[in-house]
Trainee: 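One structure coming up, written as structure tokens, with questions to follow.
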Amino acid sequence: MNLNHQAMKPIPRSKLRLAAGKQYFTWKRYWKWYTSGANMASDLQLSPLDYKVSEHHTPLLRKLKDVDMQLQYNKIVNLKLAAERLDGLLLKPGETLSYWRRIGKPTRRKGYVDGMVLYYGGFKAGTGGGLCQLSNLIYWIALHTPLTVTERHRHSYDVFPDAGRTQPFGSGATCAYNYLDLQIENRTSTVYQLKLQLDDTYLYGEWRSADPCPYHYEVYESDHKITLEPWGGYIRSNEIRRKKYTHDGELLADEYVTENKALMMYSPLLPAPEASPSAHSMEWQPDSVENSK
């Protein structure tokens, strides 16, 4: 048996054990923030920089079986509040974007409401739920730029089937305040800018730059497979890669980006346009509690 897959076998843990683990990783992150000395991006400029480098948009509402649509509407409230903290952010050479350090803790006092939060292969309502849609979008468009992703966490569970999927499995970045962060560093010599907006239907994101980008990128998956483990669970895995081209179409590089492994919470052998995730209490892992799309 693959030992990495064996480590994904659910192990029941008490609520106290899970809460203690969360507190440990939260305070570990606070300590890292205040001792790392990293140069964090903080300047905003609402007027867009001259050159669009990458863009993408994702739908705000999805009908998911057994999920109250009110949680989806609440998610939009949360996304608007978080996007306001990031829209127009300048990422200068040598600076790092920290998703959570820039947004801050999502609390009711700040106007955040209950949205859907993925929780150990299931889901629940939680304050600020839905912000993973924003981190997913920012990560995806960053992969189509020369920016360097220095921290990204994969989803530990594959909760819903692929109905309507337009991106490779595992091409998102899960987030949970504050220990599951998304961090992107600018190691180039030009200024980049993140632009975000919402309308009634979509969340839109762009990376723009002060100078023309000399490359374009194609992000794709390889070695996609689903394996049935001896302990009875299905593990879905793949590798995310990207091709780097000149604007004349010359292939410069075929780069490894990351790998993904996720425990499937639905049967891959049954046709299911919608699925109901089942709730579990599982072993604490720092990439196991997720805000959801």
Side-chain angles (χ1 to χ4, degrees), residues 40-49 52-64 67-91 96-119 123-145 147 152-153 155 159-160 164 166-167 171-184 192-208 289-293:
M40 293 296 177
S42 60
D43 291 343
L44 293 175
Q45 176 182 305
L46 293 183
S47 59
L49 295 181
K52 184 189 298 182
V53 180
S54 65
E55 64 178 342
H56 190 62
H57 63 274
T58 56
L60 292 172
L61 298 175
R62 297 174 59 201
K63 291 184 178 180
L64 301 171
V67 178
D68 186 353
M69 281 301 295
Q70 186 58 50
L71 296 179
Q72 296 271 319
Y73 295 122
N74 288 356
K75 174 188 70 174
I76 298 174
V77 174
N78 297 333
L79 287 172
K80 287 180 178 178
L81 290 171
E84 288 175 357
R85 295 286 300 164
L86 290 165
D87 180 39
L89 184 68
L90 297 176
L91 189 55
T96 295
L97 161 63
S98 167
Y99 184 78
W100 282 126
R101 196 160 183 181
R102 181 62 201 167
I103 292 174
K105 186 175 183 178
T107 64
R108 293 189 181 278
R109 181 177 59 83
K110 296 176 182 177
Y112 289 93
V113 294
D114 282 349
M116 188 180 75
V117 177
L118 297 187
Y119 186 77
F123 68 92
K124 65 177 185 177
T127 304
L131 294 185
C132 186
Q133 180 170 351
L134 182 56
S135 61
N136 285 341
L137 176 66
I138 294 171
Y139 175 67
W140 177 251
I141 57 177
L143 292 182
H144 293 79
T145 74
L147 298 172
R152 170 261 182 184
H153 298 272
H155 292 264
V159 178
F160 299 109
T166 59
Q167 298 167 218
S171 57
T174 188
C175 64
Y177 186 85
N178 59 1
Y179 46 90
L180 301 186
D181 200 6
L182 172 64
Q183 295 195 13
I184 300 169
Y192 279 76
Q193 181 189 39
L194 179 62
K195 291 294 293 177
L196 300 165
Q197 65 174 350
L198 294 83
D199 61 17
D200 293 337
T201 309
Y202 293 103
L203 169 66
Y204 299 87
E206 294 180 354
W207 278 108
R208 304 185 69 91
V289 180
E290 307 166 357
N291 285 320
S292 172
K293 292 181 181 179

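Keep in mind that what you see is a predicted model, and the values were worked out from it rather than measured.
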Trainee: Shortest non-hydrogen contact from S135 to C175?
Mentor: OG-SG, 3.6 Å
Trainee: I103 vs Y177, test: side-chain contact (heavy atoms from CB on, under 4.5 Å). Steps then yes/no.
Mentor: CA-CA 10 Å; I103 292 174; Y177 186 85; over 6 Å; no
Trainee: Please evaluate residues L198 and L60 with respect to the criterion side-chain contact (heavy atoms from CB on, under 4.5 Å), reporting the C-alpha separation (whole Å), side-chain torsions for both, the decisive distance (0.1 Å), and the verdict.
Mentor: CA-CA 9 Å; L198 294 83; L60 292 172; 3.8 Å; yes
Trainee: Between L49 and L90, is any pair of side-chain heavy atoms under 4.5 Å apart?
Mentor: yes
Trainee: Could you tell me if the side chain of L203 sits less than 4.5 Å from the side chain of L137, heavy atoms only?
Mentor: yes
Trainee: Determine, stepwise, if the pair R152 / L180 fulfils side-chain contact (heavy atoms from CB on, under 4.5 Å).
Mentor: CA-CA 8 Å; R152 170 261 182 184; L180 301 186; over 6 Å; no
Trainee: Are I141 and L194 close enough, and set up right, to give a side-chain contact (heavy atoms from CB on, under 4.5 Å), and what steps lead you there?
Mentor: CA-CA 10 Å; I141 57 177; L194 179 62; 4.1 Å; yes
Trainee: Less than 4.5 Å apart, any side-chain heavy atom of Y99 and any of I184?
Mentor: no
Trainee: Could you label the plane-to-plane angle of the H57 and Y204 rings as parallel, tilted or perpendicular, counting under 30° as parallel and over 60° as perpendicular?
Mentor: tilted
Trainee: Let me see the working for H56 and Q167 under side-chain hydrogen bond (donor to acceptor under 3.5 Å, both in side chains), right down to the final yes or no.
Mentor: CA-CA 11 Å; H56 190 62; Q167 298 167 218; 2.7 Å; yes
Trainee: When rounded to the nearest 0.5 angstrom, what is the spacing between CG in L46 and CG in L89?
Mentor: 11.0 Å
Trainee: Say you draw a straight line from CG of L143 to CD1 of I138; how long is it, rounded to the nearest 0.5 Å?
Mentor: 12.0 Å
Trainee: Among residues at least two apart in sequence or on other chains, which ones pass salt bridge (Lys or Arg N to Asp or Glu O under 4.0 Å) with E84?
Mentor: none
Trainee: Quick one: does E55's side chain have a donor or acceptor within less than 3.5 Å of a partner on R208's backbone?
Mentor: no
Trainee: Atom NE2 in H144, atom OH in Y139: separation rounded to 0.5 Å?
Mentor: 11.0 Å
Trainee: Is the closest basic N to carboxylate O distance between R102 and D181 below 4.0 Å?
Mentor: no
Trainee: With a 3.5 Å distance limit and no angle check, can you tell me whether Q72 reaches the backbone of R62 through a side-chain donor-acceptor pair?
Mentor: yes
Trainee: Taking all non-hydrogen atoms of both residues into account, name the closest pair between A82 and L134 and its distance.
Mentor: CB-CD2, 3.8 Å
Trainee: Drop me the distance from L182's CG to T174's OG1, to the nearest 0.5 angstrom.
Mentor: 10.5 Å
Trainee: Do K195 and D87 have side chains that get closer than 4.5 Å, going by heavy atoms?
Mentor: yes
Trainee: Has the side chain of D199 got a donor or acceptor atom that lies under 3.5 Å from a matching backbone atom of Y202?
Mentor: yes
Trainee: When you compare the side chain of N136 with that of T58, does any pair of heavy atoms fall below 4.5 Å?
Mentor: no
Trainee: If we check side chain to side chain contact (heavy atoms under 4.5 Å, CB included) with K80, which of these qualifies: I76, V77, N78?
Mentor: I76
Trainee: Is there a side-chain contact between L79 and Q133 in this structure, where contact means two heavy atoms from C-beta onward sitting under 4.5 Å apart?
Mentor: yes
Trainee: For the atom pair OG (S54) and CG (L147), what is the distance rounded to the nearest 0.5 Å?
Mentor: 8.0 Å
Trainee: Is the closest side-chain heavy-atom distance between K75 and M116 below 4.5 Å?
Mentor: no
Trainee: Is the shortest side-chain heavy-atom distance between P106 and W100 below 4.5 Å?
Mentor: yes
Trainee: Do you know which two heavy atoms are closest between V117 and G129, and how far apart they sit?
Mentor: CG2-CA, 3.7 Å
Trainee: Which distance, rounded to the nearest 0.5 Å, do you find between the CD of Q193 and the NZ of K52?
Mentor: 12.5 Å
